[in-house]
Amino acid sequence: MKRIVTIQDISCVGKCSLTVALPIISAMGVETSIIPTAVLSTHTMFKNFTCKDLTDQIKPITAHWKEEKIDFDAIYTGYLGSFEQIDLMKEMFAEFKTEDNIIFVDPAMADNGKLYAAFDEIFAKHMATLCGKADIIVPNVTEACFMTGTEYKETYDETYIKELLEKLVDLGAKISVLTGVGFEKGKTGVMGYDKEKDEYYYYTHDRLDMSYHGTGDIFSSTCIGAMMNGFDWKEAMKIAADYTAECIRITMEDPGKPWYGVNFEQAIPYLLKRIGK
Ligand code: PXL
């Protein structure tokens, strides 16, 4: 059985970060170890959320794992709350990187042209240095623009996205994947670039006209979960895009849907079928 570790916050209510990564990756048959970086009452789109920072737990946890000779087939970071946490992740990558494991970074910090409440442009540049240490990175277009100092555009062409993907691998990652990319009306998808092979891959599906919080985390969790099930990065991002779309589709049909996240739970049977489980 493959084992991964994912490092991100616990938003107790909100269906994002660890509360989606744990169930999704576990359901895909992959042991999912965690480091919670903070405990928040809700994600930061709610007003008046509480937050207990757990940065001081990161080093003792990883030191214990080293003593126990625990290793991981993948290390996946999501939402990180501070410069210090980013630096600790760099140290962790250096300590736990092996020849075969995958370092997967989702620089969760922005969407729709704007940084989340807790961040500024200097933080985005620091996150870019963490992306430079990864095998595969999966920002959305907004995050990619902040990290590479590129002007954010709502409408763009293929050249703009390809240049952005190239700027992302220039940060140091081997593969860059941009989520939420669409060139045609009514379509959306993902486009990736493998630097070593100089190869692009674009996958598109019908656009559902709703955007929900937490879908980036659902995409990333599914993508790494699929890679741990033996799919290559291109197949993995296709499965992840389809599952995320299915989560949104199911949520749109639910009259009692919450505003803060999607009904990813109800689409887990679809995901398992997609990966042949
Ligand atoms: O990746 C989404 C996310 C994760 N964690 C926290 C957040 C958000 C999005 O707003 O606030 C705490």
Side-chain angles (χ1 to χ4, degrees), residues 4-25 32 34-55 57-58 74-86 88-89 104-121 123-124 126-128 130-131 134 136-147 152 177-180 190 210-225 237 240-241 243-245 247-248 251 257-265:
I4 82 152
V5 57
T6 180
I7 304 106
Q8 32 190 331
D9 66 277
I10 297 182
S11 291
C12 297
V13 168
K15 302 210 212 194
C16 67
S17 38
L18 282 183
T19 63
V20 305
L22 245 179
I24 291 172
I25 303 167
T32 311
I34 61 166
I35 302 183
T37 51
V39 179
L40 292 84
S41 52
T42 61
H43 62 50
T44 60
M45 299 292 164
F46 284 80
K47 280 191 204 117
N48 303 327
F49 58 88
T50 68
C51 180
K52 170 73 179 170
D53 184 83
L54 298 174
T55 305
Q57 295 302 301
I58 296 174
I75 304 170
Y76 154 34
T77 67
Y79 185 103
L80 298 171
S82 64
F83 285 70
E84 194 184 352
Q85 286 185 355
I86 291 174
L88 284 164
M89 287 306 102
F104 185 103
V105 172
D106 178 355
M109 59 185 169
D111 208 356
N112 302 315
K114 285 198 199 105
L115 287 157
Y116 295 151
F119 305 124
D120 61 17
E121 290 184 21
F123 182 86
H126 204 58
M127 185 62 96
L130 186 69
C131 285
I136 173 160
I137 57 175
V138 292
N140 57 36
V141 175
T142 305
E143 289 155 348
C145 285
F146 276 111
M147 290 196 295
Y152 173 77
V177 172
L178 277 170
T179 58
V190 275
M210 272 312 279
S211 92
Y212 289 102
H213 300 305
T215 49
D217 299 338
I218 289 169
F219 176 87
S220 295
S221 302
T222 312
C223 198
I224 193 64
M237 72 180 214
Y243 173 58
T244 308
C247 292
I248 295 173
T251 307
K257 61 182 160 285
W259 65 266
Y260 51 76
V262 294
N263 297 10
F264 74 93
E265 304 89 339

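Whatever order the structure lists them in is the order used to number ligands and atoms, beginning at 1. Keep in mind that the numbers below use all heavy atoms, side chains included, and drop hydrogens, waters and symmetry copies. This structure is a prediction, so every number in the text was calculated from the model and none was measured. For reference, positions follow the sequence shown, starting with 1.
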K.L.:
Show every side-chain hydrogen bond (donor to acceptor under 3.5 Å, both in side chains) that has at least one partner inside residues 36-51, sequence neighbours left out.
P.N.:
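Listed by first then second residue: S41-T50.
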
K.L.:
Any idea which heavy atoms bring P36 and L18 closest together, and the distance?
P.N.:
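It is CA-CD1, 3.8 Å.
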
K.L.:
Applying a heavy-atom distance cut-off of 4.0 Å, which protein residues contact ligand 1?
P.N.:
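Ligand 1 pocket, heavy atoms under 4.0 Å: D9, S11, C16, S17, L40, H43, T44, M45, Y79, A108, Y116, D217.
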
K.L.:
First locate atom CD1 of I25, then atom SG of C223, and finally report the distance between them rounded to the nearest 0.5 Å.
P.N.:
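So the gap between those two atoms works out to 10.5 Å.
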
K.L.:
Filter on salt bridge (Lys or Arg N to Asp or Glu O under 4.0 Å), then keep only pairs touching residues 6-21, sequence neighbours left out; what's left?
P.N.:
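Listed by first then second residue: K15-E265.
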
K.L.:
Looking at the rings of F119 and Y79, which for Trp means the six-membered one, are their centres under 6.0 Å apart?
P.N.:
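Yes, the ring centres sit under 6.0 Å apart.
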
K.L.:
Tell me every residue that passes side-chain hydrogen bond (donor to acceptor under 3.5 Å, both in side chains) with D217, counting only those two or more places apart in sequence or in another chain.
P.N.:
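Residues passing side-chain hydrogen bond (donor to acceptor under 3.5 Å, both in side chains) with D217: none at all.
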
